[in-house]
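In this text, all values refer to a predicted model and were calculated from it rather than measured experimentally. Proteins get letters first, then strands, A, B, ... in listed order; numbering begins at 1 in each. When reading the values below, keep in mind they use all heavy atoms of this one structure, side chains included, and skip hydrogens, waters and symmetry mates.
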Amino acid sequence: MLDVNVIREDPEAIRTMLRNRTYSDDVLDKFLELDQAWRAAVEEGNRLRKQRNEASLRIAKLNGKDKAEAVAEMKSVAARISELEARVAELEAQRDDVILLIPNIPHPTVPVGDCYEKNRVVMEHGKVTKFDFQPKDHIALGEDLDIIDFQRGVKVAGSGFFVLKGDGARMERALINYMLDMHHRQGYTEVFPPVVVNRAAVIGTGQYPKMKDDMYWCERDDLWLNPTAEVPVTNLLQDDILAKEDLPIYYTAYLPSFRREAGRHAEMKGMIRVHEFNKVELVKFVLPDGSFQELETLLNDAQDVLRGLELPFRTLLLCTGDMGFASAKTYDLESHAPGTGSWLEVSSCSCFTDFQARRARVKYRPEPHLKSEFVHTLNGSGLALPRTMVSIMENNQDRQGRIRIPEVLRPYMQGQELIE
RNA sequence: GGAGAGAUGCCCGAGAGGCCGAAGGGGCACGAUUGGAAAUCGUGUGUACCGCUAAUACCGGUACCGAGGGUUCGAAUCCCUCUCUCUCCGCCA
């Protein structure tokens, strides 16, 4: 959520921003209109309340006829006040609905563009794997080695769910531990939050209301299945006012993530896009100064995972049109999958400036006696598991259809070197 | 699931229709004292919003005592609904 003052100060800058992001600027005009009406109503209400407060003090000292008259007069003022209060509440609700639809302002270094092709490749690591045989995709590899069972996932949960089996399940567990251990060494505190979150939490990080149809909802208890650990982890500090010395705070969390992927049907084959997947997440709470520098180190921390796994990958700086709603700057990490023949987004690292902090009310006090300010939040995937697994399987296959286990995972798999 | 207790400012805690944005204490900040510190004394110290501003500085104003409604000229205080926390009982990996 943007600061209303930022919008009021320079609406035209916001208009440009919306166009760069390929949003309609109707929301801006709607906001300006509602905001003006809201301010006028607030002002009148304040004036009348002042009148009432003064009259109340007088009435307390009056008696008899004078009192009766004053009370009668105030009755009409009270009626007008409650009318205005209703109007203010109405306008405020409408204005807030509109402001929640205005995305974050991109950092000046973000390229302007309207499609995937405008994203800028800022770094490439390793070479795309070449084979002297026809490589299989992960679906064939998984089924032939009996380490992924798509049919049984469908049987117990439905389309878009899968089952890892044997060495597949073991490698998944190894990956989780490898990533968490690496992030621990990088200075992140591991947390293991609830897998379900309440409404305040999904509002706090911005999934609600915009993405509400993409989340699983337990109606009876009004709980939501975690769509990304960003939600529970960021909201750990909801409504907190931190001391300056508390910052920065770095958290890492492994958590299953759930996506309904409502209305999407393409790409649902295999493990590329599924309803439930494991993910190790990185979340930072930092001082506003230097938050974009923190994004660079967060990115590097995520890249370390891929380097360690010896996977070819590239880093994209997303353009204005391709960035997430709440982000001011985003890098995507794409790992190559030679069997599928595509680049897979395995991580997305973003700096949200104060956009999320304002919604979740995460603040800090620069000095004990000073006014509190919003912190800046960042997060990134310390890699989404299924796609990482796909990339490992497809890159590390040999002619016999076996999979070489990356060296860094072997300690987590009793030294095993091959899946065969 | 059953029974009870509670929710007030950064923290603890009073308050029982107008004198309450809220006593008192703690913490913190500033000042005095000191060679320096502790102790002591004094002053100050919430958030959001509106207006005025170059200003997130003053100043003027409004709202906020878990949330939402109601009664009243006037509600932290009375009434209703809800949420959350704690304790005990039951159930349970």
Side-chain angles (χ1 to χ4, degrees), chain A residues 1-10 31-96 98-100 105 192 194-204 208 218-224 232 235-247 287-289 353-355 357-376:
Chain A
M1 181 163 97
L2 289 181
D3 183 347
V4 287
N5 289 313
V6 168
I7 307 176
R8 285 174 190 159
E9 262 168 42
D10 194 354
F31 169 83
L32 293 172
E33 182 192 322
L34 287 166
D35 186 49
Q36 190 160 24
W38 175 80
R39 282 207 265 183
V42 164
E43 204 188 336
E44 189 184 349
N46 284 352
R47 218 165 45 230
L48 288 175
R49 263 185 232 102
K50 183 190 179 189
Q51 194 185 332
R52 181 180 70 182
N53 290 343
E54 287 167 356
S56 287
L57 288 174
R58 270 205 317 278
I59 287 170
K61 293 179 196 127
L62 295 177
N63 291 304
K65 193 171 70 195
D66 292 344
K67 181 166 179 173
E69 276 170 19
V71 166
E73 194 192 327
M74 278 305 110
K75 273 205 176 188
S76 70
V77 172
R80 178 68 185 143
I81 288 174
S82 55
E83 267 173 47
L84 275 169
E85 277 175 352
R87 179 162 165 73
V88 167
E90 172 70 24
L91 286 167
E92 196 163 71
Q94 286 178 20
R95 191 192 69 166
D96 288 350
V98 169
I99 202 172
L100 290 180
I105 300 168
F192 205 159
V195 179
V196 292
V197 293
N198 60 27
R199 189 177 290 248
V202 286
I203 290 174
Y208 189 96
C218 312
E219 182 172 7
R220 208 172 146 143
D221 300 298
D222 193 22
L223 291 171
W224 306 73
N235 282 290
L236 289 178
L237 301 186
Q238 190 190 93
D239 283 317
D240 275 7
I241 299 177
L242 305 158
K244 190 181 179 183
E245 310 80 73
D246 295 336
L247 296 168
L287 295 172
D289 283 346
T353 61
D354 60 357
F355 196 85
R358 177 169 286 109
R359 268 176 97 127
R361 296 168 304 279
V362 185
K363 299 179 139 190
Y364 79 102
R365 232 177 257 290
E367 297 296 335
H369 58 291
L370 291 184
K371 210 172 150 69
S372 59
E373 293 175 20
F374 292 108
V375 303
H376 281 194

Atom [atom1], compared across [N] and [M]: separation rounded to whole Å:
N      : M      : atom1 : value
A75(B) : C20(B) : P     : 16 Å
G68(B) : G51(B) : C1'   : 29 Å
C64(B) : U77(B) : P     : 10 Å
G15(B) : G9(B)  : C1'   : 14 Å
U62(B) : A76(B) : P     : 14 Å
C28(B) : C88(B) : P     : 35 Å
A23(B) : C12(B) : C1'   : 14 Å
G46(B) : A29(B) : P     : 15 Å

> Shortest non-hydrogen contact from Ile99(A) to Leu2(A)?
Replying inline: CD1-O, 3.6 Å
> Between Tyr364(A) and Phe374(A), what is the shortest heavy-atom contact and its length?
Replying inline: CE2-O, 3.7 Å
Quick one: does [X]'s side chain get under 4.5 Å of [Y]'s, heavy atoms only?
X         : Y         : answer
Arg359(A) : Leu100(A) : yes
Glu83(A)  : Arg87(A)  : no
Glu85(A)  : Ile81(A)  : yes
Val375(A) : Leu237(A) : no

Taking a pair as Watson-Crick or G-U wobble with both distances under 3.5 Å, which nucleotide is matched to [N]?
N      : value
C10(B) : G26(B)
G4(B)  : C86(B)
U47(B) : A63(B)
U53(B) : none
U71(B) : none
C41(B) : G31(B)
G17(B) : none
G36(B) : none

> With nearest nucleotides of RNA chain B determined for Arg49(A) and Asp35(A) from heavy-atom distances, which residue corresponds to the more 5′ nucleotide?
Replying inline: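 Nearer the 5' end of the strand: Asp35(A).
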> Does Glu85(A) or Phe374(A) map to a spot on RNA chain B nearer the 5' end, using the closest nucleotide for each?
Replying inline: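 Looking at RNA chain B, the more 5' nearest nucleotide goes with Phe374(A).
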Please work out if [X] contacts a base, only the sugar-phosphate, or nothing of the nucleic acid, heavy-atom cut-off 4.0 Å.
X        : answer
Ala55(A) : nothing
Asn5(A)  : nothing
Arg47(A) : nothing

Once you round it to whole Å, what is the distance between [atom2] of [N] and [atom1] of [X]?
X        : N      : atom1 : atom2 : result
Arg95(A) : C50(B) : CZ    : P     : 7 Å
Glu44(A) : A63(B) : CD    : C1'   : 16 Å
Glu92(A) : C50(B) : CD    : C1'   : 12 Å

Short side-chain N/O contact to [N] OP1/OP2 from [X], under 4.0 Å:
X         : N      : result
Lys363(A) : G46(B) : no
Lys50(A)  : U62(B) : no
Asn53(A)  : U62(B) : yes

Given [options], which nucleotide is nearest the side-chain atoms of [X]?
X        : options                : result
Val42(A) : G18(B), C49(B), G61(B) : C49(B)
Arg8(A)  : C73(B), C50(B), U47(B) : C50(B)
Trp38(A) : C50(B), C73(B), U47(B) : C50(B)
Arg39(A) : U47(B), G51(B), A63(B) : G51(B)

> Going from CD1 on Ile241(A) to CD on Glu373(A), what distance comes out if it is rounded to the nearest 0.5 angstrom?
Replying inline: 12.0 Å
